[in-house]
Amino acid sequence: DVAAIYAARTQEPVQNILIEILKIGQELHKELLAVREPLYILFLAPDEYRNLQKEFHIPPDISAFVDSRTLLLMDYESYFQPDNTKSFYPTIRHELIHILFGQHTYYLPFWVEEGMCEYYSQKYRMDYLHFGLKAERLISFPKIHSEKINYISQLSLFDKIQHVFYPQAASFMDFLFQTLTAKRIWSILKRSSIRRDFFDVLETECKITLPQLQDQWESFIRQYSQNV
């Protein structure tokens with residue numbers, strides 16, 4: 001359900017965008033998680049969106065983000081840009097999954113949630129993605145985890161890795177699902193939601209630590225690049 005829609009200017013053509021967003025929401029409701037609360041969509045003109053980007057420290061190439069369990073904010077003009085049309089669908093899927101995690105109170109480490117949203121965004125063919133990654137340039141997720149990073153803007157502390165963070169986080173989650181199965185990961189996610197101890201539960205359940213998973217993922221990428 002959409003409880004409220006706000007357009008930056010009443011004459012702006014947001015109806016088509018709204019229909020597309022609702023379709024994506026319906027898909028996710030059936031495929032992944034049920035929508036539990038009404039969805040508010042805030043359509044903004046580019047200048048208004050840029051002001052919010054600065055306030056929330058959102059990277060400039062991100063055309064939509066969420067600010068609660070019910071609110072999606074987007075630069076409506078990005079939908080009509082030729083170079084952004086193909087990315088609209090996975091971007092909105094990604095952001096709506098954030099909202100669904102919030103509605104189901106699934107509290108995950110920042111980078112795990114981003115990785116899962118990106119994995120389920122359907123932006124990538126994973127075989128091509130894995131093949132394109134270079135083992136010597138892989139992010140250390142244990143390092144990010146130990147630094148208690150909570151927002152994408154904080155990744156600038158790690159040698160400006162924002163531009164490679166999303167595909168690598170998606171690759172790591174794909175590897176996790178292949179290694180431990182999606183059913184098991186979702187079970188751990190639900191069990192760890194209240195205490196917010198995803199990796200503690202995973203280590204107890206699967207007898208494997210995050211550093212060990214990192215090592216196995218890096219080995220997987222090396223082997224994949226050699227074999228494909």
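Remember, it's a predicted structure, so these values are computed and weren't measured experimentally. Both backbone and side-chain heavy atoms feed into the values below; hydrogens, waters and symmetry mates do not.
Between I188 and C206, some side-chain heavy-atom pair lies under the 4.5 Å cut-off. Residues L133 and L138 meet the side-chain proximity criterion, which asks for heavy atoms closer than 4.5 Å. Put simply, the side chain of R50 reaches to within 4.5 Å of the side chain of P46, judged on heavy atoms. Residues D75 and E48 are not in side-chain contact: their nearest non-hydrogen atoms beyond the backbone lie 4.5 Å or more apart. Side-chain contact between T181 and I185 is absent, with no heavy atoms from C-beta onward closer than 4.5 Å.
The side-chain contact (heavy atoms from CB on, under 4.5 Å) search around P211 returns T209, not counting sequence neighbours. For E205, the salt bridge (charged side-chain N to carboxylate O under 4.0 Å, His left out) partners at least two apart in sequence or on another chain are R184, R191. F80 is linked by a ring pair (Phe, Tyr, Trp, His ring centres under 6.0 Å) to nothing, counting only residues two or more places apart in sequence or in another chain. Not counting sequence neighbours, Y79 has no partner by the side chain to side chain donor-acceptor pair (under 3.5 Å) test. Applying the salt bridge (charged side-chain N to carboxylate O under 4.0 Å, His left out) test to D197 and every residue at least two apart in sequence or in another chain returns R195. Every residue two or more places apart in sequence or in another chain that forms a ring pair (Phe, Tyr, Trp, His ring centres under 6.0 Å) with H130 is listed here: F220, Y224. Not a single side chain to side chain donor-acceptor pair (under 3.5 Å) links S192 to another residue, sequence neighbours left out. Looking at residues two or more places apart in sequence or on another chain, you find a ring pair (Phe, Tyr, Trp, His ring centres under 6.0 Å) between F172 and W111, F141, W217. For R137, the salt bridge (charged side-chain N to carboxylate O under 4.0 Å, His left out) criterion is met by no residue, not counting sequence neighbours. Residues passing the side chain to side chain donor-acceptor pair (under 3.5 Å) test with E136, sequence neighbours excluded: none. R36 meets the salt bridge (charged side-chain N to carboxylate O under 4.0 Å, His left out) test with no other residue; sequence neighbours excluded. For Q103, the side chain to side chain donor-acceptor pair (under 3.5 Å) test picks out no residue, with sequence neighbours left out.
Closest of all the heavy-atom pairs between I21 and L96 is O-CD1, 4.0 Å. Here the closest non-hydrogen pair linking L100 and L33 is CD1-O, 3.8 Å. Closest approach of A34 to H29, counting heavy atoms only: CA-ND1, 3.6 Å. Shortest non-hydrogen contact noted between A64 and L72 is CB-CD1, 4.3 Å. Looking at every heavy atom in both residues, G25 comes nearest to V35 through O-CG2, 4.4 Å. Between F101 and L189, the shortest heavy-atom distance links the atoms CE2-CD1, 4.1 Å.
A donor-acceptor contact closer than 3.5 angstrom links the side chains of D174 and Q178.
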**Study point:** Audit row: E114, Y119, side-chain hydrogen bond (donor to acceptor under 3.5 Å, both in side chains) steps and yes/no
**Key:** CA-CA 8 Å; E114 290 291 349; Y119 172 81; over 6 Å; no
Practice item. For side-chain contact (heavy atoms from CB on, under 4.5 Å), just list the numbers for V112 and H145, CA-CA rounded to whole Å, side-chain angles, deciding distance to a tenth of an Å, and then say yes or no. Key: CA-CA 9 Å; V112 174; H145 194 66; 5.8 Å; no
Check your understanding: What do the steps show when you test S187 against K183 for side-chain contact (heavy atoms from CB on, under 4.5 Å), and what is the final call?
Key -> CA-CA 6 Å; S187 174; K183 182 178 180 180; 5.8 Å; no
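When the side chains of ILVMFWY residues are joined at heavy-atom separations under 4.5 Å, either directly or via intervening members, V201 and Y107 end up in two distinct hydrophobic clusters.
Between the side chain of E77 and the backbone N or O of L44 there is no donor-acceptor pair closer than 3.5 Å. The backbone N or O of D200 lies less than 3.5 Å from no partner atom in the side chain of E203, so there is not a single donor-acceptor pair. T179 contributes no side-chain N or O that, together with a main-chain N or O of L176, makes up a donor-acceptor pair within less than 3.5 Å. With E95 contributing its side chain and L73 its backbone, the two residues share no donor-acceptor pair below 3.5 Å. Of the possible donor and acceptor atoms, none in the side chain of S219 sits under 3.5 Å from a partner among the backbone N and O of Q216. Listed for the K207 side chain is a donor-acceptor partner under 3.5 Å among the backbone atoms of T204. Not a single donor-acceptor pair under 3.5 Å links the side chain of Y124 to the backbone N or O of E118.
Using bins of under 30°, 30° to 60° and over 60° for the plane-to-plane angle, the ring pair H98/H94 lands in the perpendicular bin.
Ring pair F110/F198: centre-to-centre distance not below 6.0 Å.
Separation of atoms OG (S171) and CG (L129) is listed at 5.5 Å; rounding is to 0.5 Å.
Taking a cutoff of 4.0 Å between a charged side-chain nitrogen and a carboxylate oxygen, E31 and R93 qualify as a salt bridge.
Among I92, L32, I24, the single residue meeting the side-chain contact (heavy atoms from CB on, under 4.5 Å) criterion with I97 is L32.
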